Amino acid sequence: MTQVFNPPVRTLMGPGPADVNPRILSALARPTIGHLDPEFVRMMDEVKRMLQSAFQTKNALTLPISAPGSAGMEACFVNLLEAGDKAIVCQNGVFGGRMKENVERCGATAIMVEDDWGKPVDPNKLEAALQANPDAKVVAFVHAETSTGVQSDAETLCRLAAAHDCLTIVDCVTSVGGTEVAIDRWGADAVYSGTQKCLSCVPGISPVSFSDKAVAAINARSTKVQSWFLDMGLVMGYWGENTKRAYHHTAPVNTLYSLHEALLILEEEGLENAWARHREHHTALVAGLEAMGLSMVVDADCRLPQLNVVSVPAGVDEAAVRATLLADYNLEIGAGLGPLAGKVWRIGLMGFACNKTNVLFCLGSLEQVLREQGADIVAGSAQGAARAAYAG
Ligand SMILES: *Cc1c(COP(=O)(O)O)cnc(C)c1O
């Protein structure tokens, strides 16, 4: 007979979802109220205000889409692009490839600017593409590429795009809460994020933000947005300011409680403190990994602290290591994707999961499993190096 599903208690140190703060889990269990209840509407306004701070923006059109990060991505493309438009997509990993798919499904043309996986987007290549395509309407890129552990220079890329009269679409799914996202300073026009990475919330919601320039472009469309559900004009009927809130879809009421709690936790900690915490634990993790003779794939100057990509040493069965960590330690780390499949592990230090206990646990577990596979590592070296890094 089917029984109650009791999930195992894991430590989630992969590319997301990350460990969820128990405060956020308990917020989910609060009583469900109506999605037009005045008390719920009051909470929605707080969510919007806290999202503006997390994104560092004054954009009025800042709200959570009731669907995962991929829906936030799609919302940006379908609202800004019409059939026949041209978009420049910078790709340096998995998610840039999905952007291309989105552009093409809008009936628009994607001009690809490609960089190697493990490298940031090269602003010189973008500049060349902008000069070669003066009719481009949009530039899209990923700020924090979760597939490779690389952070690109969003401010420089947004400035270049604006200088050529292009709107920007920026994927900040993995960056918000882990490293700085500054929509207004960058001059980014359409930004989307996710809840299950550095916000340590449950999956299923995608915060988005649109600049006034982006809103003007949406209002100037000559055709309807192809997606009814993601049409921001309609979504605003429910989330908008100073309007009577109208039913658009039934909001995921309890999931939004959890987002409210996650944003409150981030506000209590402070953005700068959260970024500094990610850097501190990343430094200790890298010290431990390198003490085991493992090497980081990404250059230090563009590494994401929240997503650490490390090479699998020769002679080690990478899938077997992950399977053992999961079975015997309840520890999840991520595999490589695309050209990096089988060659790397992706170790996440996202949000609530980014702490000293997890760093030491991960290093100790990984070291033991590698030693069992015959790796030549002195027992205790990984944790020793991390503890030395913490001691400064
Ligand atoms: C996780 C992720 C997404 C997709 O988010 P989902 O919630 O899985 O749909 C998009 N972009 C990046 C960079 C991500 O890391």
Side-chain angles (χ1 to χ4, degrees), residues 12-20 24 51 54-55 63-78 89-103 105 115 117-121 140-154 157 168-181 183 188 190-209 227 229-230 252 255-256 258-259 262 278 298 302-309 332-338 340 344-351 353-354:
L12 300 180
M13 298 181 73
D19 284 347
V20 178
I24 295 172
L51 279 178
F55 276 137
L63 54 84
I65 299 266
S66 304
S70 305
M73 177 189 282
E74 190 145 344
C76 292
F77 284 93
V78 298
V89 174
C90 305
Q91 180 173 13
N92 61 341
V94 164
F95 293 99
R98 292 187 175 187
M99 289 177 151
K100 175 173 191 265
E101 274 290 321
N102 271 275
V103 170
R105 284 165 195 238
D115 279 290
W117 289 45
K119 297 286 178 215
V121 173
F141 65 90
V142 178
H143 179 223
E145 240 310 341
T146 323
S147 63
T148 64
V150 167
Q151 179 160 298
S152 288
D153 180 353
L157 299 173
T168 39
I169 296 178
V170 188
D171 179 321
C172 291
V173 174
T174 284
S175 35
V176 170
T179 46
E180 181 170 36
V181 172
I183 292 185
V191 173
Y192 59 93
S193 188
T195 43
Q196 77 275 31
K197 315 258 169 136
C198 297
L199 292 177
S200 308
C201 190
V202 291
I205 298 281
S206 180
V208 296
S209 184
S227 162
F229 185 67
L230 297 174
T255 315
L256 288 168
S258 73
L259 176 58
H278 282 84
V298 175
C302 57
R303 258 178 220 162
L304 285 171
Q306 62 272 52
L307 202 279
N308 298 270
V309 181
E332 179 178 278
I333 63 170
L337 297 175
L340 298 177
V344 302
W345 291 300
R346 291 183 299 151
I347 304 178
L349 284 174
M350 297 182 175
C354 180

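Note that the coordinates shown come from a computational prediction; the quantities given were computed from them, not determined experimentally. Atoms within each ligand, like the ligands themselves, are counted from 1 in listed order.
- In terms of protein heavy atoms, atom 5 (O) of ligand 1 is closest to Gly69 CA, 3.5 Å.
- To the nearest 0.5 angstrom, Asp19 atom CG is 11.5 Å from Met350 atom CE.
- Remark: the backbone N or O of Asn102 is not paired with any side-chain donor or acceptor of Glu74 at under 3.5 angstrom.
- Annotation for ligand 1: atoms under 4.0 Å from non-hydrogen atoms of Thr174 are 15 (O).
- Where the criterion is an N or O separation shorter than 3.5 Å, residue side chain and backbone included, Glu145 fails it with respect to ligand 1.
- For atom 8 (O) of ligand 1, the nearest non-hydrogen atom from the set Gln196, Met99, Met73, His143 comes from Gln196.
- Contacts between Ala144 and ligand 1 below 4.0 angstrom, taking non-hydrogen atoms only, involve the backbone exclusively.
- Of all protein heavy atoms, the one closest to atom 11 (N) of ligand 1 is Asp171 OD2, 2.6 Å.
- In terms of protein heavy-atom proximity, atom 14 (C) of ligand 1 is nearest to Lys197 NZ, 3.0 Å.
- One finds the CD atom of Gln91 at 6.5 Å from the CH2 atom of Trp117 (value rounded to the nearest 0.5 Å).
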* **Worked verdict on Phe141 versus Val170 for side chain to side chain contact (heavy atoms under 4.5 Å, CB included)** => CA-CA 5 Å; Phe141 65 90; Val170 188; 3.7 Å; yes
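- Taking only nitrogen or oxygen atoms, main chain and side chain alike, Val173 does not reach within less than 3.5 Å of ligand 1.
- Heavy atoms only, all atoms of each residue included: His278 and Pro305 are closest at O-CB, 3.5 Å.
- Here the heavy atom of the protein found nearest to atom 3 (C) of ligand 1 is Phe95 CE2, 3.4 Å.
- Shown in contact with Thr146 at under 4.0 Å from a heavy atom are these atoms of ligand 1, numbered in order with element: 12 (C), 13 (C), 14 (C), 15 (O).
- Qualifying side-chain contact (heavy atoms from CB on, under 4.5 Å) partners for Pro64, counting only residues two or more places apart in sequence or in other chains: Val47, Leu51, Ile205, Trp239, Leu256, Leu259.
- Taking each heavy atom of Cys201 and Val20 in turn, the nearest pair found is O-CG2, 3.8 Å.
- Listed by chain and residue number, Thr179 satisfy the side chain to side chain donor-acceptor pair (under 3.5 Å) test with Gln151 (two or more places apart in sequence, or in another chain).
- Below 4.0 Å from some heavy atom of Ser70 lie the following atoms of ligand 1, by number and element: 4 (C), 5 (O), 6 (P), 9 (O).
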